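Here's the structure, in structure tokens; my notes come after.
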Amino acid sequence: MKSSTMRKAGKFSVLVIALIVSALLLVGCGEGEKKQEAEKAAAPEAPAKVVLKLAMDADPVSLDPQVQLSGGMLQYSHMVFDPLIRYTKDMKFEPRLAEKWERIDDLTMRFHLRKGVKFHSGNELTADDVVFTVARFRNSEDFKGLFEPFAEAKAVDKYTVDLISKKPYGLVLNMATYVFPMDKAFYTGTDDQGKAKDLVIKTDYSYANTHESGTGPYVVTAREQGVKMVFTRFKDYWDKNTGNVDEIVLTPIKTDATRVAALLSGDVDFIMPVPPQDLDRVRSTEGLQLVTMSGSRILTFQLNQKRNAAFANPKVRLAMAYAYDNKGVVEKIMKDFATAAGQMSPEGLVGYNPACAPRYDLEKAKALMVEAGYPDGFEATMIAPNNRYVNDEKLAEAFVGMMSKIGIKVSLKTMPKAQYWDQFDAQVADIQMIGWHPDTEDSGNYYEFLSMCRNAETGYGQYNSGNYCNAKVDELTLAAQTETDPAKRAAMLQEVEKIQYDEAGYIPMHWEHLSWASKSNMNTPEIVNVMNFPYFGDMMIK
């Protein structure tokens, strides 16, 4: 064989061998890829993150649970912090951070804390945190009145704390629902501006307004005031028997129609509240569920007797009460999704007085204006929120129209809740709207904050922007705190209602009904309650 032929044969053999090797490599690669795919298919997929898209009429004004005593802030507190105890659906008390409690004597209630509970910072919850929290209430304009009956909280040991009242007090457990322990180590010291981290400041910067460390089911991971707030499930949350929502994206939507449209289109999963005019529409939409219940939040107009001299005259106030058509407003504006009120306490609460019924009578109102010396009326200013209560702006406008019929010319300004409360506290107008739900589920709570004479030291009358003041109301309200005879206590609180009614200390509107709507694959009926603090930590989405 010629060498050239041998070279060709050699080249051919090498080519054949290369092709065989390549084929074997391809087969091997193919088998490897198939093996990887098989292994991938066999491996369990990571569960998809469960996200709740939530729309409320407004977002929390702060991250500090003690900066404002309001429904919105208490809703936030139940998401990010945890109370010592909380109400069940049927208004009994259930353990939370306190796993049990006992009365030691007439003044002392002892709480035994869960062990191993972590704050979002990683610090462990101890009795010192509860002591710190209760002491901090005294620096809060809004909460100091609520905790005025208490002398102190005292640590017995690392996981035991006593709540001690100044006098025998029947609502200690009710008050414990307000104690959301704060992380003492986290809120102690100074921030990068040289300010104390534990300052309670309503209208300016504070460390607690912008930082949080609670024990609750969710950590605040993003916040743009008025735009969006993101809550992420706390991986070390102590309660393992809880909901399955990993993340909550809260979008504040002030306008009722826009909020409902977002639910109907699927842009959000849960809304609160549902405006009365859309209840039937939501109820009849497939894939959605509507939950409603009667509530005990009273809406009122307060008449500032220090700003407008006319309001110091009880006949003028009575004229305004007679000129306001409670039942007509409930029927036309609230679409009967409210109960017309003549007093603060709804039927069922101990202070409810049957003698204090709504009293619309326009002719009597006009006669009272003449008797009061204002036959031609007078002028007044007024502010109201436009995203805090159901139909609040429409209610305010209706009130202005009704007062015009007795010659009172009211100049009205409405604003979002985030701006409203600062203006309310500053008492910038003669007439101001406020709603109040007694989170103790007791009539005395209304009077302590809305009726008693304003007292900056004790905090009583903190939300009495009308500056109504009657010594007998104060005397009865304080006496009722320590009265242990139920019948005597009821008589005291009902007398308070009658005094206010006869003097028209304020203009009662109605008790709001409550409403929530969500997609039907959620346990919404189980997490909502008469306090309107949905327990989102317990929400399950199928």
Side-chain angles (χ1 to χ4, degrees), residues 56-77 80-81 133 135-148 178 180 182 186-214 220 223-229 250 252 254 302 304 306-307 381-389 392-393 396 412-436 448-450 454-467:
M56 295 182 176
D57 50 5
D59 53 344
V61 299
S62 170
L63 299 188
D64 184 348
Q66 294 185 349
V67 78
Q68 185 182 85
L69 180 54
S70 69
M73 284 305 298
L74 287 165
Q75 289 162 1
Y76 157 80
S77 296
V80 177
F81 293 79
T133 301
R136 191 171 182 265
F137 280 132
R138 306 192 190 287
N139 298 321
S140 168
E141 294 178 10
D142 282 22
F143 280 91
K144 67 168 64 174
L146 197 64
F147 282 84
E148 173 63 20
Y178 284 95
F180 293 85
M182 300 179 71
F186 181 83
Y187 293 103
T188 296
T190 56
D191 59 19
D192 56 9
Q193 296 190 23
K195 296 183 178 181
K197 290 183 176 180
D198 65 347
L199 287 177
V200 186
I201 300 177
K202 267 194 172 188
T203 59
D204 201 354
Y205 163 82
S206 76
Y207 184 82
N209 277 340
T210 54
H211 297 76
E212 62 87 358
S213 178
V220 177
R223 180 177 183 242
E224 187 177 354
Q225 184 71 44
V227 179
K228 186 174 78 170
M229 197 166 181
L250 167 60
K254 180 185 73 173
Q302 296 181 335
N304 196 324
K306 291 186 176 180
R307 278 186 55 95
T381 58
M382 176 180 174
I383 60 171
N386 56 24
N387 67 341
R388 175 61 189 94
Y389 310 113
D392 42 16
E393 188 169 43
L412 170 66
K413 180 180 180 181
T414 66
M415 64 197 78
K417 179 179 75 171
Q419 287 82 50
Y420 181 71
W421 292 118
D422 290 345
Q423 297 293 293
F424 179 94
D425 289 338
Q427 298 185 23
V428 301
D430 303 334
I431 306 169
Q432 300 189 159
M433 179 191 290
I434 186 171
W436 196 266
E448 289 164 5
F449 284 90
L450 301 182
R454 288 178 65 90
N455 186 319
E457 182 179 348
T458 63
Y460 287 132
Q462 172 64 21
Y463 281 87
N464 177 3
S465 74
N467 292 291

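In this text the structure is predicted, and so the values were computed from the model without any measurement.
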- By ring pair (Phe, Tyr, Trp, His ring centres under 6.0 Å), which residues pair with Trp436, not counting sequence neighbours? Phe449, Tyr463
- If you draw a 6.0 Å radius around CD in Gln193, do more than 12 non-hydrogen atoms from other residues or ligands fall strictly inside? yes
- Message: Less than 4.5 Å apart, side chain to side chain, heavy atoms only: is that true for Val227 and Pro252?
- Response: no
- Query: So, Asp198 side chain and Arg136 main chain: donor-acceptor pair closer than 3.5 Å or not?
  - Reply: no
- Side-chain donor/acceptor of Tyr420 to backbone N/O of Asn386, under 3.5 Å: no
- Message: Measuring from atom CE of Met415 to atom CD of Glu393, what distance do you get when rounded to the nearest 0.5 angstrom?
- Response: 10.5 Å
- Query: Side chains of Asp64 and Tyr76: closer than 4.5 Å at any heavy-atom pair?
  - Reply: no
- Taking the side chain as every heavy atom from C-beta outward, state whether Leu450 and Gln302 have any atom pair closer than 4.5 Å. yes
- Message: Looking at Arg454 and Gln462, would you say the former's side chain and the latter's main chain have a donor-acceptor pair under 3.5 Å?
- Response: yes
- Message: Is the shortest side-chain heavy-atom distance between Arg388 and Trp421 below 4.5 Å?
- Response: yes
- Task: Taking the side chain as every heavy atom from C-beta outward, state whether Tyr205 and Thr210 have any atom pair closer than 4.5 Å.
- Result: yes
- Message: Looking at every heavy atom in both Phe81 and Ser213, which two are closest together, and how far apart are they?
- Response: CE2-O, 3.8 Å
- Message: Consider side-chain hydrogen bond (donor to acceptor under 3.5 Å, both in side chains). Of Asn464, Thr381, Asn467, which one does Asn304 pass it with?
- Response: Asn467
- Message: Quick check for you: to the nearest 0.5 Å, what is the distance between Ser206 atom OG and Leu63 atom CG?
- Response: 9.0 Å
- Can you check whether Tyr207 reaches Leu199 side chain to side chain, under 4.5 Å on heavy atoms? no
- Student check: side-chain heavy atoms of Thr133 and Gln66 closer than 4.5 Å: yes
- Task: Measure the CZ-NZ distance between Arg223 and Lys228 for me, rounded to the nearest 0.5 Å.
- Result: 14.0 Å
- Note on the structure: OG1 of Thr203 to CD of Gln419, rounded to nearest 0.5 Å, is 13.0 Å
- Message: To check you understand the geometry: which heavy-atom pair defines the closest contact between Gly435 and Tyr389, and what is its length?
- Response: N-OH, 2.8 Å
- Should Met56 and Gln75 count as side-chain neighbours, where that means a heavy-atom distance under 4.5 Å? yes
- Item | Derivation and outcome, ring pair (Phe, Tyr, Trp, His ring centres under 6.0 Å), residues Phe137 and Phe147 | CA-CA 7 Å; Phe137 280 132; Phe147 282 84; 4.1 Å; yes
- Note on the structure: To the nearest 0.5 Å, atom CE of Met382 lies from atom CG of Leu412 at 5.5 Å
- Task: State whether the number of non-hydrogen atoms from other residues, nucleotides or ligands found under 6.0 Å of Lys195 atom NZ is greater than 12.
- Result: yes
- Query: Less than 4.0 Å between a side-chain N and a carboxylate O, is that true for Asp392 and Lys417?
  - Reply: no
- Using atom types as modelled and distance alone, determine if a side-chain donor or acceptor of Gln432 lies under 3.5 Å from a backbone N or O of Ile434. no
- Message: Which residues pass the side chain to side chain contact (heavy atoms under 4.5 Å, CB included) test with Ser70, not counting sequence neighbours?
- Response: Gln68, Met73
- Is the shortest side-chain N to carboxylate O distance from Asp142 to Lys202 below 4.0 Å? yes
- Carefully, step by step, assess Thr414 and Met433 under the rule side chain to side chain contact (heavy atoms under 4.5 Å, CB included). CA-CA 10 Å; Thr414 66; Met433 179 191 290; over 6 Å; no
- Message: I need the Gln225 CD to Asp59 CG distance, nearest 0.5 Å.
- Response: 4.5 Å
- Query: Which heavy atom in Asn387 sits nearest to a heavy atom in Ala58, and how many Å separate them?
  - Reply: ND2-CB, 3.6 Å
- Task: Determine the minimum heavy-atom distance between Lys197 and Asp191, stating which atoms define it.
- Result: CG-N, 3.9 Å
